[in-house]
Amino acid sequence: MEPSSSTKGFFQSPPVIPPQYLEDSSLQRIISLHLPSPIPQSIEEDLSRFSRFVLSKRVLSYVADAERNLPYLQPLTTFGAENKQNPLVTSEGWRALQDIGIKEGIVGLGYEDTNNRWNSRAYQFIKYHLWCGSSALVTCPSAMTDGAASLLGKHLNDVDGAVYADARRRLISRDVDTAWTSGQWMTERKGGSDVRGTETVARKLEGNEKQESDGFDAVGMKLGPWKIDGFKWFSSATDANMTILLAKTGADGKISAFYAPLWRQVKGRSDGEMELNGVRIQRLKNKLGTKPLPTAELELKGMRGYLLGKEGEGVKEISTILNITRMHNIISAVGGWGRGLAISRAFARVRESSGKLLCDTPAHVRRLAQEHVKYRAHMHLAYFVAALLGCSEGHNPSDHSIASSSIIPHDPHQIKALLRVLTPMTKAQTALSSINGLRACMESLGGVGYLENEDPALNIARLFRDANVLAIWEGTTDIMADDLIRAIKRTGHSDVLSALGSWVARAVATGGKIGLNDECQRLKTLWDKLSAELKAKGKEELKWKGRDYLQDLDTLVCGCLLVMDAARDSDETAIEIARRWILGNDSSGQSWRAEADWDKKIVFGGPVVQTKL
Ligand code: UCC
């Protein structure tokens, strides 16, 4: 059948997504805030190239391949024995994307800038942002790899420091022949969010028992002295080279953390034959999204590993990883959402309805503008936390070549306190906002948005499916609410609340400069009420209302960040976005036509120039 006249043009010039580095005004704002000005040429070129590369036919064909050819198990050899050598099969696309992530420094970048010339976490996560929508979730192993590198970095002076140093060197390498990825195995059948139900046990081997099973891992390092047995119920990145896992130790069953390589040399063989290090993959999980990612149930029988830190301090140890993977979760949320909005904008530029392009249809643009305000707010939140992470790791917060030096506290204690309290809140709120936002993006494409297109470029349904995990793994929203209250009440609430209080006061004071007095008064009132409750109420009551506090803190911190960002250059669109976030959409008192003009500026960065995309 011939396309009707209203769809003919659309079929002939379908939407093409422009590289986000050039077109996403929220991302550009983040770049100008968190990277040095002028932006170093090497970073400029890298981001500009990478933003094109992630939309190239080559990369998108890997994504399509990874979605089409899902991982599977071959548990038995030809002759029916247990297949210990290569039981997991992943797609070519998945493996190619893993290699791209490694070469591009998706993990490595966070550790590379030893001269401290820029906040490497900001750079890393801006690049990560571009990568999310094209990565088919190889970002999940990257997250755990980054977390493991950070944790091992804290143990380099331990007795087994040489083993950790070698593993860490591999985790942050950009050379695919050297590089390792890591898993993070916590979840069990009886111990999901609450790891006290862990059934896996570890026992330190001594004497003959140890000698008999001693051996070497895949790169010739000695296997650790602990023997680990149990069952991990939800383990992503089954194809990793190493893992950090929790197990109970001692008569009292305290939770401890372990480092273990995934592969070991087969005993008695001199031909370099490898086998899994006491791991049997029971089955792969069938999930709503993240389908290319091999998530498995794992039986552990005689896995050999090293105890990390002290016995009984496993949760504390692994919380280093959790906080990093939560950071990755945050960027994955805004990254996927940003890609969805880029698709919505591209679609609105070419799709006609009732004789008008969608980008000229005020009601359509208004809805998009509402979504873009939420996206801008959460972009600021996400990258503020990323910048805090970089500063907590040694970046100089008072480097004046970076505009965000005016919004980040310079006192290391305040940085630490803000990072601790904002990480769980931001993880929770960016995940929920991204899921809702991607649902709205799907709707903005009508039926096309609901399709599982073979071509991943326009497949918002895929992004939506994948985003749903972000509110679940690495701790559900309720767990984040719990962690928020734990951070406020445990570390001495006066520390955290006074750090937040002085930061909010500084933000609120900048509003007058750009005529946002009412808006800042609103923020101040919200903080006064919130801080009074957090101080006065007991832990149990705060936990009961935890989700309300996540939401209030989200509104407050995003509002402060939008005001401070707008105040640095009095950009009129940035001011309008701050106003809308704080007071709502219908509060300006302007005519609807004036509001509609603002909608367009917020979405398309000004009047839409109709280009053939
Ligand atoms: O699903 C998983 C892998 C998926 C792949 C991930 C990729 C994501 C990237 C996305 C990119 C695409 S891994 C499993 C996910 N599971 C979780 O996230 C666990 C959720 N549950 C929690 O987070 C809980 O809050 C627990 C397990 C941490 C709570 O355990 P406990 O035993 O109740 O903990 P305690 O007793 O409250 O805390 C023990 C110590 C305390 O320190 P001390 O002893 O000095 O007071 C806490 O302050 O640990 C400290 N602690 C922390 N410190 C606990 N949580 C934290 C934290 N977040 N930061 C710092």
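None of the values given here were measured: they were computed from a predicted structure. Every number for a ligand or one of its atoms is a count from 1 in the order of the listing. Basis for what follows: all heavy atoms, side chains included, without hydrogens, waters or symmetry-related copies.
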request  = Write out the residue and atom name of the closest protein heavy atom to atom 22 (C) of ligand 1, then the distance separating them to 0.1 Å.
outcome  = I479 CG2, 3.6 Å
query = Looking only at protein heavy atoms, which one is nearest to atom 57 (C) of ligand 1, and how far off is it?
reply = R420 NH2, 3.3 Å
message = Tell me if the aromatic rings of W503 and F384 count as close, with their centers under 6.0 Å from one another.
response = yes
inquiry  = Looking at ligand 1, would D482 count as a contact under a 4.0 Å heavy-atom criterion?
reply    = no
query = What is the closest protein heavy atom to atom 35 (P) of ligand 1, and at what distance does it sit?
reply = R490 NH1, 3.5 Å
task = If the plane angle is over 60° it's perpendicular, under 30° parallel, otherwise tilted; pick one for H378 and W337.
result = tilted
ask   = So which of M327, R196, E474 gets nearest to atom 13 (S) of ligand 1, if we judge by its closest heavy atom?
value = E474
request  = Could you check atom 11 (C) of ligand 1 against the protein and tell me its nearest heavy-atom contact, residue, atom and distance included?
outcome  = S332 OG, 3.2 Å
query = Between R95 and E92, is there a side-chain N and carboxylate O pair less than 4.0 Å apart?
reply = no
task = Examine the side chains of S134 and R339 and answer whether a donor and an acceptor come within less than 3.5 Å of each other.
result = yes
message = Are V59 and S56 packed together at the side-chain level, in the sense that at least one heavy-atom pair is separated by less than 4.5 angstrom?
response = yes
ask   = So, K301 and D229, do they make that salt bridge, N to O below 4.0 Å?
value = no
inquiry  = If you take the nearest heavy atom of each of L246, L137, V315, I244, which one is closest to atom 28 (C) of ligand 1?
reply    = V315
message = Under a 4.0 angstrom heavy-atom cut-off, which atoms of ligand 1 come close to R326?
response = 18 (O), 20 (C), 22 (C), 23 (O), 58 (N)
Donor-acceptor side-chain pairing of Y306 and D158 below 3.5 angstrom = no
task = Of the side chain and backbone of N323, name the one, both, or neither that has a heavy atom under 4.0 Å from an atom of ligand 1.
result = side chain
query = For atom 7 (C) of ligand 1, what's the nearest protein heavy atom and its distance?
reply = C140 SG, 3.6 Å
message = Ring centres under 6.0 Å, that's the criterion: do H155 and Y259 meet it?
response = no
note = Only residue of R280, R283, K232, R189 satisfying side chain to side chain donor-acceptor pair (under 3.5 Å) with E297 is R283
message = What I want to find out is whether R462 reaches E452 closely enough, with some N-O distance under 4.0 Å, to be called a salt bridge.
response = no
message = If you take the nearest heavy atom of each of K316, Q184, M186, which one is closest to atom 42 (O) of ligand 1?
response = K316
inquiry  = So, 4.0 Å and heavy atoms of E313: is ligand 1 close enough to count as a contact?
reply    = no
query = Does an N or O anywhere in S193 fall below 3.5 Å from an N or O of ligand 1?
reply = yes
inquiry  = Please check whether L470 reaches ligand 1 - meaning an N/O of the residue sits under 3.5 Å from an N/O of the ligand, judged on distance alone.
reply    = no
key: Shortest protein contact, atom 9 (C) of ligand 1 (heavy atom only)   = A143 CB, 3.4 Å
Atom indices of ligand 1, in the order listed, that fall short of 4.0 Å to a heavy atom of T325 = 9 (C)
ask   = Side-chain donor-acceptor pair under 3.5 Å between S256 and E311, yes or no?
value = no
request  = Answer side chain, backbone, both or neither: which part of Y128 comes under 4.0 Å from ligand 1, heavy atoms only.
outcome  = side chain
key: W226 and F258 aromatic centres sub-6.0 Å   = yes
task = For T187, counting its heavy atoms only, list the atoms of ligand 1 lying under 4.0 Å from any of them.
result = 14 (C)
request  = Indicate, as side chain, backbone, both or neither, the part of D483 found under 4.0 angstrom from ligand 1 when only non-hydrogen atoms are considered.
outcome  = side chain
query = Counting heavy atoms only, which part of T423 comes closer than 4.0 Å to ligand 1: side chain, backbone, both or neither?
reply = neither
message = If the threshold is 4.0 Å, N to carboxylate O, is there a salt bridge linking E474 and K427?
response = no
task = Specify whether H129 and Y375 have parallel, tilted or perpendicular ring planes, treating 30° as the upper limit for parallel and 60° as the lower limit for perpendicular.
result = tilted
inquiry  = Tell me whether ligand 1 is touched by F234 - counting only heavy atoms on the residue side and a distance under 4.0 Å.
reply    = no
query = Which residue owns the protein heavy atom closest to atom 17 (C) of ligand 1, what's the atom, and how far is it?
reply = G475 N, 3.9 Å
ask   = Tell me: protein heavy atom nearest atom 53 (N) of ligand 1, and distance?
value = S319 OG, 3.4 Å
task = Look only at interatomic distance and state if R486 has a nitrogen or oxygen under 3.5 Å from any nitrogen or oxygen of ligand 1.
result = yes
